[in-house]
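What follows is a single structure, written as structure tokens, with notes after it.
Throughout, numbering of the chain's residues begins at 1 and tracks the sequence.
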Amino acid sequence: MAGNTSTPGTSVASRLLRMVAAFDEWHRTLTLSELAGRASLPMATAHRLAAELVAGGALQRRTDGRFEVGRLMWSAGLLAPVGGGLRQVAEPFLHDVYAATLATVHLAVRDGNEVLYLERMMGRASVPIVSTVGSRLPMHCTGVGKVLLAHAPREVQDQVFANLTPITPYTITQPAVLSRQLEGVRREGLATTVEEMSLGACSLAVPIVRQSDDAVVAAIAVVVPSLKRGRQRLLGALQVAARGIVRLL
């Protein structure tokens with residue numbers, strides 16, 4: 001039954017979920033007014049619900065008054081089955097890639113029109129990294145994203161192409177250019193980015209293809225300062241890992 005709210009038919013549970021959903025990769029801490037705005041709730045309602053969430057451990061309030069995700073949400077998130085089997089299978093192979101390259105290694109899947117990062121192993125090189133485990137990033141400007149976008153359904157590609165937002169000055173925002181790149185991804189079995197998501201960071205990614213139906217179920221990548229040297233070594237490590245993951249899947 002709907003709770004007492006200015007929006008008819010809106011339950012207390014749905015408003016609590018909107019409060020939690022207000023936090024994302026780009027909004028890790030929020031003021032009360034920001035929280036109310038992103039959850040589309042009146043300030044008084046947001047204040048009351050935030051207090052309940054803090055009391056229950058779902059949110060916590062910092063000394064500066066801003067809110068962030070609490071320990072309860074973090075603990076519950078660890079139990080989520082999303083990609084669990086894939087992560088378990090892929091983890092030793094990702095370690096192999098890291099050992100061979102000392103680069104940051106990513107494992108990701110497509111989640112709607114975005115990339116969902118299931119695993120990240122930080123490399124030793126000083127490279128700007130935006131991703132974290134559980135974060136979602138655009139598909140058109142990440143290596144794993146381009147791999148997954150190249151093999152995504154047509155309607156997903158159309159939606160992504162309609163919103164090619166520039167993240168850096170090097171982000172590909174021309175549909176024709178990106179379309180040619182995706183054709184190359186399907187033909188060559190690899191994708192690259194050069195400072196398209198983060199300045200000073202380049203990526204090389206390959207697909208993980210399920211043998212039973214040739215479906216691309218995930219992508220793995222390395223992030224390095226430059227792809228001008230050692231590209232074949234990086235690609236070889238990724239391809240060996242991808243084949244190993246496929247065998248176990």
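Remark: Leu238 CG to Leu94 CG distance equals 9.5 Å, nearest 0.5 Å. Between Leu49 atom CG and Leu16 atom CG the span is 5.0 Å, to the nearest 0.5 Å. Distance CD/Glu183 to CZ/Arg187: 7.0 Å, rounded to 0.5 Å. Atom CD1 of Ile245 and atom CD of Glu91 lie 11.0 Å apart (nearest 0.5 Å). Note that CZ of Arg66 and CG of Leu35 are 10.5 Å apart. Values are rounded to the nearest 0.5 Å. The CG atom of Leu164 sits 8.5 Å away from the CD atom of Gln174 when rounded to the nearest 0.5 Å.
Listed for the Arg186 side chain is a donor-acceptor partner under 3.5 Å among the backbone atoms of Ala150. Between the Arg233 side chain and the Ala100 main chain, a donor and an acceptor come within less than 3.5 Å of each other. A donor-acceptor distance shorter than 3.5 angstrom exists from the side chain of Thr101 to the backbone of Val97, with no hydrogens or angles considered. Not a single donor-acceptor pair under 3.5 Å links the side chain of Glu195 to the backbone N or O of Ala201. With hydrogens and angles disregarded, a donor-acceptor distance shorter than 3.5 Å links the side chain of Arg110 to the backbone of Gly112. A donor-acceptor distance shorter than 3.5 angstrom exists from the side chain of Arg18 to the backbone of Ser40, with no hydrogens or angles considered.
Val216 and Val240 fall into different hydrophobic clusters, where Ile, Leu, Val, Met, Phe, Trp and Tyr side chains are chained together by heavy-atom contacts under 4.5 Å. Residues Leu30 and Val54 share a hydrophobic cluster, clusters being chains of Ile/Leu/Val/Met/Phe/Trp/Tyr side chains in contact below 4.5 Å. Under the 4.5 Å side-chain heavy-atom criterion for ILVMFWY residues, a single connected hydrophobic cluster contains both Leu41 and Met43. Hydrophobic clustering places Leu102 together with Leu234 (ILVMFWY residues linked when any side-chain heavy atoms are closer than 4.5 Å, directly or through intermediates). In terms of hydrophobic clustering, with Ile, Leu, Val, Met, Phe, Trp and Tyr side chains grouped at heavy-atom distances under 4.5 Å, Val133 and Val89 are assigned to different clusters.
In summary, the side chains of Thr31 and Ser33 do present a donor paired with an acceptor at a separation below 3.5 Å, with no hydrogens or angles considered.
Between Glu52 and Arg48, at least one side-chain nitrogen of the basic residue sits less than 4.0 Å from a carboxylate oxygen of the acidic one, meeting the salt-bridge criterion.
Considering every non-hydrogen atom in both Val206 and Gln239, the closest pair reads CG1-CG, 4.3 Å. Shortest non-hydrogen contact noted between Ala241 and Ile220 is CB-CD1, 3.9 Å. The two atoms that bring Pro175 and Phe161 nearest to each other are O-CE2, 3.2 Å, heavy atoms only. The heavy-atom pair separating Leu32 from Ala50 by the smallest distance is CD1-CB, 4.4 Å. In plain terms, the two heavy atoms of Arg231 and Leu204 that are nearest each other are O-CD2, 3.9 Å. Minimum heavy-atom separation, Ala218 to Leu86: CB-CD2, 3.6 Å.
For the pair Ile208 and Phe93, the minimum side-chain heavy-atom distance is 4.5 Å or more. Using a 4.5 Å cut-off on side-chain heavy atoms (C-beta onward), Phe23 and Leu59 make contact. Between Tyr98 and Val222, every side-chain heavy-atom pair lies at or beyond the 4.5 Å cut-off. Arg243 is listed as a side-chain neighbour of Arg247, based on a closest heavy-atom distance under 4.5 Å. In this structure, Ile167 and Val130 have side chains that are not in contact, with every pair of non-hydrogen atoms separated by 4.5 Å or more. No side-chain heavy atom of Arg28 sits less than 4.5 Å from a side-chain heavy atom of Glu68.
For the pairing with Ser203, the side-chain contact (heavy atoms from CB on, under 4.5 Å) check across Thr104, Val224, Thr193 returns one residue only, Thr193.
The hydrophobic cluster containing Leu199 also includes Tyr170, under a criterion of side-chain heavy atoms closer than 4.5 Å among ILVMFWY residues, counted directly or through chains of members.
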Anything under 3.5 Å between a donor and an acceptor, one on a side chain of residues 137-148, the other on a protein residue two or more places apart or in another chain? List them.
residue: His140; atom: NE2; partner: Thr165; partner atom: O; Å: 2.8
residue: Thr142; atom: OG1; partner: Pro138; partner atom: O; Å: 3.1
residue: Thr142; atom: OG1; partner: Gly145; partner atom: N; Å: 3.1
residue: Lys146; atom: NZ; partner: Gln181; partner atom: OE1; Å: 2.6
residue: Lys146; atom: NZ; partner: Thr192; partner atom: O; Å: 3.3
residue: Lys146; atom: NZ; partner: Glu196; partner atom: OE1; Å: 2.8
residue: Lys146; atom: NZ; partner: Glu196; partner atom: OE2; Å: 3.2

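Around atom CZ of Arg62, more than 12 heavy atoms belonging to other residues, nucleotides or ligands sit under 6.0 Å away.
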Assess the residue pair Val115 and Leu149 against the criterion (side-chain contact (heavy atoms from CB on, under 4.5 Å)); give the C-alpha distance rounded to whole Å, side-chain angles, the decisive distance to 0.1 Å, and a yes or no.
CA-CA 9 Å; Val115 174; Leu149 182 60; over 6 Å; no
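Residues that satisfy the side chain to side chain donor-acceptor pair (under 3.5 Å) test with Gln159, not counting sequence neighbours, are Asn113.
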